[in-house]
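Chain letters run A, B, ... following the sequence lines, proteins first and then strands; every chain starts at 1. When reading the values below, keep in mind they use all heavy atoms of this one structure, side chains included, and skip hydrogens, waters and symmetry mates.
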Amino acid sequence: MPTNQHSEPTEKAVTGDSQAQEMRYNPADIEARWQQRWESQPELYAAEPATSARPKYYVLEMLPYPSGQLHMGHVRNYAIGDALARYMWMQGYNVLHPMGWDAFGLPAENAALKNNTPPRQWTLNNIAAMKRQMNRLGLSYDWRNEVTTCLPEYYRWNQWFFLRMYERGLAYRKKSKVNWCPQCATVLANEQVVNGCCWRHEEQIVEQRDLEQWFLRITNYAQELLDDLSKLDGWPEKVRTMQRNWIGRSEGAEIEFELEDAAAAPEDEARTKGTSVLPAREDVKGSGKKIVVFTTRVDTIYGATSLQLAPEHPLVKEMAAATPSLASAVAGLLEQQRAAREAGDVGGIEKHGVFTGHYAINPFNGERLPVWVGNYILLDYGTGAIMSVPAHDERDYEFAKKYGLEMRIVVLPRHDGEAADSGAREAMLPFTEENSLLINSGEFSSMGCEEAQHKMAAHAEQHGFGKAKVVFRLKDWGISRQRYWGTPIPMLYCETCGIVPVPESELPVLLPDNIEITQQGGSPLGRVPEFANAVCPKCGGRARRETDTMDTFVDSSWYFYRYTDARNSEAPFATDTVAYWFPIDQYIGGVEHAILHLIYSRFWTKVMRDLGVVRNDEPVARLFTQGMVIRNGAKMSKSKGNVVSPDEMIARYGADATRMYSLFAAPPDRDLDWQEDGVAGVSRFLGRVYRFAAKYGERAKGAGAASGELTTESQALLRKLHQTIRKITEDFAGRWHFNTCIAAIMELVNTLTAAESQIAEGRVPDAVLADILRSLTLLLAPFAPFLACEIWEQLGETSGLLRAPWPKFDEALAREDQIEIPVQIMGKLRAVVRVSADAGEETVRDAALNDEKVTAAIAGREIVRIVLVPRKLVNIVVKQSV
RNA sequence: GCCGGGAUGGCGGAACUGGCAGACGCAGCGGACUCAAAAUCCGCCGACCCUUGCGGUCAUGGGGGUUCGACCCCCCCUCCCGGCACCA
């Protein structure tokens with residue numbers, strides 16, 4: 001136990017002076033004592049049941065991954081949440097403030113490989129260590145509702161939800177191209193790929209593999225996830241924008257182009273180059289094969305001069321099979337695309353393409369468009385095929401220029417278009433403005449673009465070759481992971497019945513304990529015959545268990561519901577209990593989860609609502625994303641060597657000072673620059689408070705209620721006190737600028753110590769002193785709970801500080817009777833006059849004009865105007881002397 | 001390229017709705033206490049100028065504008081951080 005082994009050598013010298021010893025602020029002693037008391041009362045921070053007469057308040061910080069060590073980002077996150085929770089308790093709310101562990105995941109397996117510790121043991125040890133750190137910080141969690149996602153009591157409900165989703169077609173299995181991280185040796189969701197690299201391994205390029213995977217149909221909810229963003233007005237605009245971009249809704253149309261029957265094609269000139277459109281002809285025959293194109297600009301379809309297919313388009317494969325030269329060209333294009341994707345720069349790819357030799361018929365006018373393959377066409381967006389309109393699309397323009405493809409202008413600006421000659425028109429290309437008019441577009445000519453978009457989609461639908469269509473960028477959520485340390489997917493593959501879900505009565509499918517972890521050869525569970533071999537519940541025949549586990553983001557998608565009813569063994573939670581607590585009133589965490597966790601949990605909530613187990617549409621009413629903790633200009637990281645450990649700070653300055661500094665050094669939404677000297681400064685401040693209370697607490701202890709006229713000194717102190725109460729109360733309700741709240745408390749204490757001689761002389765009655773000391777302690781409680789409790793007790797208070805009522809702001813006491821009004825002349829400060837706070841305009845004006853410095857500065861010039869802002873300032877405008 | 005956020009003393013930051021720029025803290029300087037140190041307490045602390053005063057001028061990334069008055073609003077520009085990006 002690394003306790004007081006390294007105590008200060010200086011302490012010996014002080015031991016002689018018992019008075020000084022007593023007055024010294026020793027956070028280690030105080031905090032150890034209170035920590036012990038709090039831990040012996042597990043009901044201390046317990047929320048009341050739904051029958052509580054108090055209004056409910058659910059405050060939540062994002063649950064950590066149990067790495068074994070808290071870092072400063074955690075401390076900051078929890079300091080914010082804890083201050084809020086304590087404040088809301090003091091405001092009389094029934095507060096739910098829980099904590100848990102996002103305990104599945106790869107690091108446990110890596111640790112197992114490295115030091116031969118079983119993942120479960122490694123994880124549980126880490127949890128114990130981090131819980132100790134949290135308790136050392138004095139965080140007010142209700143541990144009765146602790147959730148640990150790697151325990152069967154929790155993950156069985158992951159399985160249960162999965163089965164419900166499977167029943168409803170929301171969970172399905174398909175073979176598809178998936179992201180594969182060789183270092184993780186598993187598949188990643190789209191959301192876990194950052195710049196073409198693994199989110200955990202920044203340098204590791206993600207490969208594409210074809211695998212059978214389980215998916216959750218988040219796309220079913222794409223529209224609702226998008227629409228409901230507008231309801232989340234308690235969320236940062238930034239996060240909402242990020243989610244909007246991620247969902248990526250595009251409105252457009254799908255149009256079918258039939259491939260021309262090449263064998264029966266009439267002889268045309270320039271057939272082999274594929275650079276120009278072939279005219280419509282009566283004798284052209286269709287092959288029956290269709291190319292479906294998605295476009296947001298169907299209005300420009302008369303300007304289409306080619307089709308562009310993705311290299312992996314199925315039709316391209318077919319064509320390439322028949323034409324070896326095409327096959328090798330396409331392979332080249334595909335390789336370029338893959339390289340760009342892996343470099344994380346799909347946008348920067350240099351466009352290349354190859355003509356397939358085929359033509360497809362534009363259903364609007366019968367023209368035949370050359371069919372090309374382009375390395376910039378992505379198979380997984382839209383239909384993997386586009387119509388190319390060089391005159392009205394930047395990318396198509398660039399491509400057409402390069403390969404000499406035909407261009408056709410079919411859109412002109414509303415006003416100057418008609419007059420322009422062809423040279424001027426070409427100079428505008430590519431012209432992409434949608435507030436424009438169509439030309440050369442058959443029956444649609446002279447329509448506006450938007451009108452044409454609707455009419456053309458309707459036309460296509462009427463004639464059976466297309467329809468209006470909405471496309472999302474968001475893809476279904478692939479949740480299969482070829483790893484051990486996760487929730488087993490409760491599915492079986494029967495030799496005769498095929499895919500069979502595990503019956504609910506057999507849940508949980510337990511994760512076996514004794515397992516050899518390796519990073520090769522697929523899912524580790526596949527090598528555990530007792531696990532993998534099963535009996536089909538349908539036919540009793542031999543079946544193989546699914547050996548992949550779930551993405552750990554499944555665990556964190558609904559954990560906060562479990563907190564409300566964490567020991568329920570019959571259901572994931574009681575619906576009524578959830579209905580009482582949800583939505584979460586305030587969620588606090590890092591912005592790095594803006595897309596991943598926060599979009600998955602919104603999805604999960606909507607699924608649970610449709611399953612009838614919750615009644616809310618959204619999980620989180622208000623979201624707060626705190627800034628990063630940085631040091632020397634960079635995010636703390638081992639590789640940069642700028643990490644500061646919370647343990648070290650706590651050992652040196654105490655938990656109160658460490659927490660308080662993390663709130664004091666910057667507003668919570670901004671990045672925080674960690675400066676150890678600053679922590680020392682906060683610690684010094686707490687020492688001043690401690691000593692002041694120690695010195696005058698005894699006097700305050702026995703004091704009765706204040707009575708009679710207040711002395712001037714008392715008034716001044718109470719004024720400052722109530723100004724501070726107002727400031728902090730307002731900030732908790734709104735801005736959350738805890739840095740200035742703490743500064744305000746410091747000012748109050750400075751005022752108090754400056755008045756110390758008057759207090760010592762007895763010019764401030766004990767009752768007033770007691771009032772001030774009690775209020776100060778209450779104001780301090782959300783930020784420095786250990787010290788606040790210590791002082792609270794010294795003041796003779798026996799009720800718990802946690803539920804003590806927040807001090808009430810008194811307008812009359814806060815009011816200044818004299819205020820200073822700055823006097824400007826021509827906008828420059830020339831004097832300050834003191835007037836009574838309720839002085840009328842006349843009085844203020846007279847005071848300003850009669851001020852010596854003001855008359856001197858005016859120097860007899862003519863006064864043009866006097867601007868008078870009540871209680872704020874006077875500005876005198878004079879005629880400029882020449 | 002597009003969308004956010006930001007730039008204020010030596011440093012972190014304050015100024016909430018357009019009204020005394022630099023609260024609060026750190027660092028620094030000077031002093032008290034002490035044999036000494038630590039701890040603590042007190043004072044000074046944006047830059048420049050002079051006639052050293054209850055003085056003046058300049059100053060919130062740069063340039064312009066609106067206003068009696070701009071860190072704050074408008075226009076243009078520079079740099080930093082974050083997100084998105086052939087999304088058809």
Undergrad: Please determine if a side-chain N or O atom of A:Arg691 lies less than 4.0 Å away from the OP1 or OP2 oxygen of B:C41.
TA: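 Looking at the OP1 and OP2 atoms of B:C41, one of them is under 4.0 Å from a side-chain N or O of A:Arg691.
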
Undergrad: Rounding to the closest angstrom, what is the interatomic distance between B:C87 and B:G82 at atom P?
TA: 23 Å

Undergrad: Under the rule for ring pair (Phe, Tyr, Trp, His ring centres under 6.0 Å), what residues qualify as partners of A:Phe465, not counting sequence neighbours?
TA: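 A:Phe465 satisfies ring pair (Phe, Tyr, Trp, His ring centres under 6.0 Å) with A:Phe364, A:His459 once adjacent residues are dropped.
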
Undergrad: Give a yes or no on this: more than 12 heavy atoms of other residues, nucleotides or ligands lie within 6.0 Å of atom CD of A:Glu450.
TA: no

Undergrad: Expressed as a whole number of Å, how far does the C1' atom of B:C48 sit from that of B:G9?
TA: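 Those two atoms are separated by 14 Å.
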
Undergrad: Of all residues at least two apart in sequence or in a different chain, which pass the side-chain contact (heavy atoms from CB on, under 4.5 Å) check with A:Thr241?
TA: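 Once residues adjacent in sequence are excluded, the partners of A:Thr241 under the side-chain contact (heavy atoms from CB on, under 4.5 Å) criterion are A:Glu237, A:Arg244, A:Asn245.
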
Undergrad: So, A:His737 side chain and A:Asn739 main chain: donor-acceptor pair closer than 3.5 Å or not?
TA: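 No: the side chain of A:His737 does not pair with the backbone of A:Asn739.
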
Undergrad: If we take the P atom in both B:C86 and B:C72, what is their distance in whole Å?
TA: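 Nearest-Å result for B:C86 against B:C72 at atom P: 37 Å.
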
Undergrad: Tell me which of A:Glu237 and A:Lys853 sits closer to the 5' end of RNA chain B, going by the nucleotide each one is nearest to.
TA: A:Glu237

Undergrad: Distance check: side-chain N/O of A:Arg473 vs OP1/OP2 of B:C84, anything under 4.0 Å?
TA: no

Undergrad: Could you list the residues that satisfy side-chain contact (heavy atoms from CB on, under 4.5 Å) with A:Arg652, not counting sequence neighbours?
TA: A:Glu648, A:Glu676

Undergrad: Please check if the distance between the ring centroids of A:Phe685 and A:Phe664 is under 6.0 Å.
TA: no

Undergrad: Measure CZ/A:Arg871 against P/B:C16 and give the value in whole Å, please.
TA: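 Result: 16 Å.
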
Undergrad: Report the distance from atom CZ of A:Arg244 to atom P of B:C84, rounded to the nearest whole Å.
TA: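 Checked: the CZ to P distance equals 15 Å.
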
Undergrad: For every nucleotide of nucleotides 22-32 of chain B, 5' to 3': is a protein heavy atom under 4.0 Å from its base (B), only from its sugar-phosphate (S), or from neither (-)?
TA: -BBSSS-----

Undergrad: Between B:C58 and A:Lys828, is there an OP1 or OP2 to side-chain N/O distance shorter than 4.0 Å?
TA: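 Yes, because at least one side-chain N or O of A:Lys828 sits under 4.0 Å from OP1 or OP2 of B:C58.
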
Undergrad: Does the separation of the ring centres of A:Phe624 and A:Trp235 fall below 6.0 angstrom?
TA: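 So the answer is no for these two rings.
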
Undergrad: Write down the distance separating the P atoms in B:A47 and B:G10, rounded off to the nearest Å.
TA: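 Looking at atom P only, B:A47 and B:G10 are 7 Å apart.
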
Undergrad: How close or far is atom P of B:C86 from atom CG of A:Leu379, stated in whole angstroms?
TA: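 After rounding, the gap between these two atoms is 15 Å.
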
Undergrad: Please state the C1' separation for the pair B:G18 and B:U67 - nearest whole angstrom.
TA: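 About 9 Å, rounded to a whole number of Å.
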
Undergrad: Got a minute to check which stems RNA chain B is part of, using Watson-Crick or G-U wobble pairs under 3.5 Å, three or more consecutive?
TA: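 In RNA chain B, stems of three or more pairs: B:1-7 with B:78-84, B:10-12 with B:24-26, B:28-32 with B:40-44, B:46-49 with B:55-58, B:61-65 with B:73-77.
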
Undergrad: Does a side-chain N or O from A:Arg830 land closer than 4.0 Å to OP1 or OP2 of B:G56, or not?
TA: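 It does, given that an N or O in the side chain of A:Arg830 lies less than 4.0 Å from OP1 or OP2 of B:G56.
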
Undergrad: Is any NZ, NE, NH1 or NH2 atom of the basic residue among A:Lys853 and A:Asp851 found under 4.0 Å from an Asp or Glu carboxylate oxygen of the other?
TA: no

Undergrad: Touch check for A:Ile377, heavy atoms < 4.0 angstrom, all strands: base, sugar-phosphate only, or nothing?
TA: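 A:Ile377: base contact, heavy atoms under 4.0 Å.
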
Undergrad: If you pin A:Lys238 and A:Gly382 to their nearest nucleotides in RNA chain B, which one's is more 5'?
TA: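 Per heavy-atom nearest nucleotide, the more 5' residue is A:Lys238.
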
Undergrad: When the P atoms of B:C73 and B:G5 are compared, how many Å lie between them, rounded to an integer?
TA: 11 Å

Undergrad: When rounded to the nearest Å, what value does the distance between C1' atoms of B:C29 and B:C16 take?
TA: 35 Å

Undergrad: Decide, yes or no, whether a salt bridge links A:Glu335 with A:Arg338 under the criterion of side-chain N to carboxylate O below 4.0 Å.
TA: yes

Undergrad: Quickly work out the A:His392 NE2 to B:A88 C1' distance and round it to whole Å.
TA: 15 Å

Undergrad: Return a table of donor-acceptor pairs under 3.5 angstrom between the side chains of residues 590-600 of chain A and protein atoms on other chains or two or more places apart.
TA:
| from | atom 1 | to | atom 2 | distance (Å) |
| --- | --- | --- | --- | --- |
| A:His597 | ND1 | A:Ser556 | O | 3.3 |
| A:His597 | NE2 | A:Tyr587 | OH | 2.7 |
| A:Tyr600 | OH | A:Glu191 | OE1 | 2.7 |

Undergrad: Need one value for A:Asp671: base, sugar-phosphate or nothing, where a base atom within 4.0 Å counts as base even if backbone is also close, heavy atoms only.
TA: sugar-phosphate

Undergrad: B:G5 C1' sits how many Å from A:Gln626 CD, rounded?
TA: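 It works out to 16 Å between those atoms.
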
Undergrad: Sort me out a list of protein N/O and nucleotides 64-69 of chain B N/O pairs below 3.5 Å, or just none if empty.
TA:
| from | atom 1 | to | atom 2 | distance (Å) |
| --- | --- | --- | --- | --- |
| B:C68 | OP1 | A:Arg865 | NH1 | 3.3 |
| B:C68 | O2' | A:Asn875 | ND2 | 3.2 |
| B:C68 | O2 | A:Asn875 | ND2 | 2.5 |

Undergrad: Glycosidic conformation of B:G82, syn or anti, with 90° from 0 as the boundary?
TA: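 Anti for B:G82; the angle lies over 90° from 0.
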
Undergrad: Going by side-chain hydrogen bond (donor to acceptor under 3.5 Å, both in side chains), name the residues that satisfy it together with A:Arg719, two or more places apart in sequence or in a different chain.
TA: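 Testing A:Arg719 for side-chain hydrogen bond (donor to acceptor under 3.5 Å, both in side chains), a comparison that skips the adjacent residues, returns A:Asp817.
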
Undergrad: According to a strict under-4.0 Å criterion, is A:Arg735 in side-chain N/O contact with OP1 or OP2 of B:A15?
TA: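 Result: yes.
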
Undergrad: Please enumerate all residues that pass side-chain contact (heavy atoms from CB on, under 4.5 Å) together with A:Lys475, with sequence neighbours excluded.
TA: A:Asn190, A:Asp380

Undergrad: Suppose you measure atom C1' in B:C71 against the same atom in B:A21; what distance do you get, rounded to whole Å?
TA: 8 Å

Undergrad: Extract from the structure each pairing of a protein N or O with an N or O of nucleotides 46-49 of chain B at less than 3.5 Å, listing the distance.
TA:
none

Undergrad: For residues 656-672 of chain A, which residue pairs qualify under side chain to side chain donor-acceptor pair (under 3.5 Å), counting only residues two or more places apart or in two chains?
TA: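 Passing the test, one end in residues 656-672 of chain A: A:Asp82-A:Arg659.
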
Undergrad: Can A:Gln337 and A:Asn375 be counted as having a side-chain donor-acceptor contact under 3.5 angstrom?
TA: no

Undergrad: Hey, is A:Lys402 close enough to A:Glu350 for a salt bridge, meaning N to O under 4.0 Å?
TA: yes

Undergrad: Suppose we screen for salt bridge (Lys or Arg N to Asp or Glu O under 4.0 Å). Which residues come up paired with A:Lys695, at least two apart in sequence or across chains?
TA: A:Glu756

